[in-house]
Amino acid sequence: MIKVALKDGSIKEFEKGITVSEAVKEISAALAREAVAAEVNGKMVDLGYRLNDDCELKVLTFDDKEGKSVFWHTTSHIMAQAVKRLFPGTKLAIGPAIENGFYYDFDVQTPFNADDLTKIEEEIQKIIKEDLPVERFVLSRDEALKIEQENGEIYKAELISELPDDAEISFYRQGEFTDLCAGPHLPNTGRVKAVKLLNLAGAYWRGNEKNKMLQRIYGVSFPKRSMLDEHLKQLEEAKKRDHNKIGRELELFMTSEPVGQGLPLLMPKGAKVIQILQRFVEDEEERRGYVITKTPYMAKSDLYKISGHWQHYKDGMFIIGSEEKDEEVLALRPMTCPFQFMIYNSKLRSYRDLPIRMAETSTLFRNEASGEMHGLIRVRQFTISEGHLIVTPEQLEEEFMGVLDLINYIMDTLGIKEDISYRFSKWDPNNKEKYIDNPEAWEDTQAKMKTILDKVGIPYQEADGEAAFYGPKLDIQFKNVHGKEDTIITVQIDFNSPECFDMTYIDKNNEKKRPYVIHRTSIGCYERTLAMLIEKYAGAFPTWLAPVQVKVLPISENQIAYAKQIADKLFKLGVRVEVDERNEKIGYKIREAQLAKIPYMLVIGEREMQNGQLAVRSRKEGDLGAMDTDGFINKLITEISTRAR
RNA sequence: GCUGGUGUGGCUCAGAGGUAGAGCAGCGCACUCGUAAUGCGCAGGCCGUGGGUUCGAUUCCCACCACCAGCUCCA
């Protein structure tokens with residue numbers, strides 16, 4: 001007999017060699033029905049795994065994160081099986097579970113189209129009905145390689161040959177289908193009750209654009225039909241928050257074909273929101289000891305040759321003129337750093353001058369590839385709260401923390417602190433094209449950054465190959481409605497520019513020293529931030545950010561003059577207010593103001609005119625009843641000045 | 001840039017190898033109205049752009065442009 005410790009702390013005895021599945025049946029019949037896999041001593045295993053020693057056992061169901069992952073991973077195998085049946089000769093690449101479902105990458109003769117997806121989905125249903133048992137087996141490296149090579153599975157063979165020497169090479173078989181896989185998996189295909197293939201996309205083998213483009217199918221699956229329906233409903237709901245949809249509906253921005261791709265036009269309301277954000281950020285930066293610069297939108301290629309942009313970032317720049325034609329070559333700026341460095345270098349600096357904190361609300365131009373643009377999130381021209389701190393090595397830590405404090409304050413005010421994650425973006429030593437070739441400096445700077453991050457206690461995830469070409473970054477990430485992460489704010493330590501630009505300061509001992517540079521944004525790119533805020537608030541901005549804060553709604557034309565008086569009073573107090581003078585019913589005016597997500601509606605009828613009150617309606621809470629005019633104004637002004645959410 | 005999808009009045013969407021329709025929005029008139037859509041009428045489209053096939057194309061084919069999802073890249 002063996003002793004098995006369960007999640008609730010109890011210990012049960014089983015016969016040695018019992019399978020997990022049998023053991024679970026003894027624990028609870030209900031749990032046995034829901035079990036998808038298990039963790040034995042913290043290691044994920046199949047339900048068919050045999051328990052031979054005393055151990056800790058945790059049964060995984062779809063409710064567990066790991067359980068979902070197993071469920072979706074098996075579904076990806078089922079999908080691969082369906083594809084193999086319908087398109088013999090398809091080569092399999094990889095098919096993992098992801099955060100919200102799964103995908104599988106296939107190398108097929110002709111790319112899939114939308115109809116193929118339907119066919120594949122039908123074939124998946126058949127495989128589920130067949131309720132095939134999923135069996136695990138282990139092969140030696142040579143056997144495994146031989147099989148995959150014989151079957152023409154070149155991608156699988158590549159994966160096998162790269163597995164570490166001591167790796168156990170396992171396969172999973174269901175019916176006629178076998179796939180190299182670490183597992184674990186569901187015990188049979190019938191466990192999957194509801195599947196939906198969501199979309200089709202190209203994806204490069206191993207994420208490298210030099211490799212072949214494979215066909216990726218994304219899908220999701222559930223143990224119950226109703227769960228799938230609920231999930232699809234949620235996806236639809238999420239799309240209703242899409243900034244690209246409601247940002248246009250609310251007349252915050254638009255695009256225009258003749259203007260061009262990735263060049264959104266901010267309309268009066270969108271521009272207003274950005275103006276408010278910009279004033280807020282600039283004031284806060286000034287309070288924190290930043291000086292401002294205003295530097296050119298373009299420069300000769302000479303500048304970018306010094307900074308390294310010409311060598312490492314040329315594809316991302318709009319270049320005017322050509323060297324071949326012996327013309328003057330200029331480029332629109334993709335970053336502001338070189339310009340501010342020139343200002344730093346304009347005179348000899350003393351250690352007493354440092355730190356120097358330079359900020360600029362800076363418009364940048366980046367020649368993004370055509371498929372990369374997206375609403376306000378990814379554009380070719382954008383304005384960013386860019387800044388550079390020139391600091392002594394001794395000041396690096398404190399100044400970095402000061403930047404974090406500023407960012408924290410801004411995120412707190414915007415109400416997005418709970419919605420972001422931190423990414424520590426490091427270089428990729430193998431990518432010589434992208435990164436400055438100075439391994440010691442990279443390692444040293446990354447270690448410095450890590451020390452600071454750990455000291456502050458920021459919960460970050462490390463990411464290789466995400467650094468800027470000149471140094472590591474702390475990226476603050478926000479997920480859009482489609483679950484895709486984008487960087488909203490970034491802080492970077494640059495060891496390279498001080499060298500390139502020969503930036504120096506004179507220290508106490510009258511010696512020339514190299515400063516460090518911290519590149520940072522405090523709110524990031526305004527366009528992207530606007531997109532994020534639209535999605536965060538579904539277009540219903542907090543009052544201080546709302547492009548129109550109050551709409552005055554006279555009930556009939558008899559109240560228009562009075563309504564205008566009220567509006568004028570508010571306007572003079574700096575409130576963004578409009579009067580709906582149209583000859584419409586009050587219900588209609590309210591509906592429109594509500595759909596425009598205006599925080600306060602003031603209904604003005606005969607009664608209000610008589611007694612000098614306001615019938616206040618809040619976007620959030622509905623009819624608030626009659627209020628004293630001054631009382632309302634005080635409440636409103638407080639709400640705006642405290643930037644309440 | 002790559003893969004797949006989409007492109008019809010301001011918006012949401014029908015339609016079909018014979019030359020375009022609805023709702024909403026807009027405009028006009030009437031109603032002067034109390035907390036999420038008053039009624040009637042009018043106007044609005046070279047069916048993304050350019051080629052090709054055809055007696056005839058918005059519909060079929062090709063190229064380009066833009067938009068959407070993903071890959072790569074990135075604030």
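So that the names make sense, note that chain A is the first sequence line, chain B the second, and so on, each numbered from 1.
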| note | Per-nt protein contacts along nucleotides 32-41 of chain B (heavy atom under 4.0 Å; B base, S backbone sugar-phosphate only, - none) come out as BBBBBBB---
| request: Report, as a single string ordered 5' to 3', how protein heavy atoms within less than 4.0 Å touch nucleotides 69-75 of chain B: B base, S sugar-phosphate only, - not at all. | output: SBBBBBB
| said: Within the supplied structure, the quantity of interest is the number of heavy atoms (other residues, nucleotides, ligands) at a distance under 6.0 Å from A:Arg279 CZ; does it exceed 12? | reply: no
Would you mind reading off the distance between [X] atom [atom1] and [N] atom [atom2], rounded to a whole angstrom?
| X | N | atom1 | atom2 | result |
| --- | --- | --- | --- | --- |
| A:Met267 | B:C11 | CE | C1' | 12 Å |
| A:Met254 | B:A66 | CE | P | 15 Å |
| A:Arg582 | B:G28 | CZ | P | 13 Å |
| A:Leu235 | B:C68 | CG | P | 18 Å |
| A:Arg248 | B:C11 | CZ | C1' | 13 Å |

Say you pick atom [atom1] in [N] and the same atom in [M]; how far apart are they, in whole Å?
| N | M | atom1 | value |
| --- | --- | --- | --- |
| B:G41 | B:G5 | C1' | 41 Å |
| B:A22 | B:G9 | C1' | 12 Å |
| B:C73 | B:C13 | P | 33 Å |
| B:G45 | B:A25 | C1' | 16 Å |
| B:C11 | B:C47 | P | 16 Å |

| task | Check the pair A:Glu237, A:Lys240 against salt bridge (charged side-chain N to carboxylate O under 4.0 Å, His left out), reporting the backbone distance first and the verdict last. | result | CA-CA 5 Å; A:Glu237 285 301 310; A:Lys240 288 185 188 156; 3.1 Å; yes
| Residues two or more places apart in sequence or in another chain: which of them pass side chain to side chain donor-acceptor pair (under 3.5 Å) with A:Arg288? | A:Glu284, A:Asp405
| said: Please enumerate all residues that pass side chain to side chain donor-acceptor pair (under 3.5 Å) together with A:Asn496, with sequence neighbours excluded. | reply: none
| Member of A:Phe339, A:Phe341, A:Tyr290, A:Tyr470 meeting the ring-ring contact (aromatic ring centres under 6.0 Å, His included) criterion with A:His388 | A:Phe341
| message | Could you spell out the base pairing of RNA chain B as a dot-bracket line? Use Watson-Crick and G-U wobble contacts where both distances are under 3.5 Å, [ ] for crossing pairs, | for partners on a different strand. | response | (((((((..((((....[..)))).(((((.......))))).....(((((..]....))))))))))))....
| message | With no hydrogens and no angle check, just 3.5 Å: does a side-chain donor-acceptor pair link A:Thr293 and A:Gln340? | response | yes
| query | Only one of A:Asn480, A:Thr487, A:Ile523 clears side-chain contact (heavy atoms from CB on, under 4.5 Å) with A:Arg528; which? | reply | A:Thr487
| message | With a 4.0 Å cutoff (strictly under), does any side-chain N or O of A:Gln261 reach OP1 or OP2 of B:A66? | response | yes
| query | Hey, are the side chains of A:Phe478 and A:Asp419 touching, using non-hydrogen atoms and a 4.5 Å cut-off? | reply | yes
| field | Heavy-atom side-chain contact between A:Trp442 and A:Ile436 under 4.5 Å | value | yes
For residues 249-267 of chain A, run the donor-acceptor check on the side chains, cut-off 3.5 Å, and write out each pair with its distance to 0.1 Å, sequence neighbours left out.
{"residue": "A:Glu249", "atom": "OE2", "partner": "A:Lys245", "partner atom": "NZ", "Å": "3.1"}
{"residue": "A:Thr255", "atom": "OG1", "partner": "A:Arg248", "partner atom": "NH1", "Å": "2.8"}
{"residue": "A:Gln261", "atom": "NE2", "partner": "A:Ser370", "partner atom": "O", "Å": "2.8"}

| Approximate separation, where rounding is to 0.5 Å, of A:Tyr526 OH and A:Gln275 CD | 11.0 Å
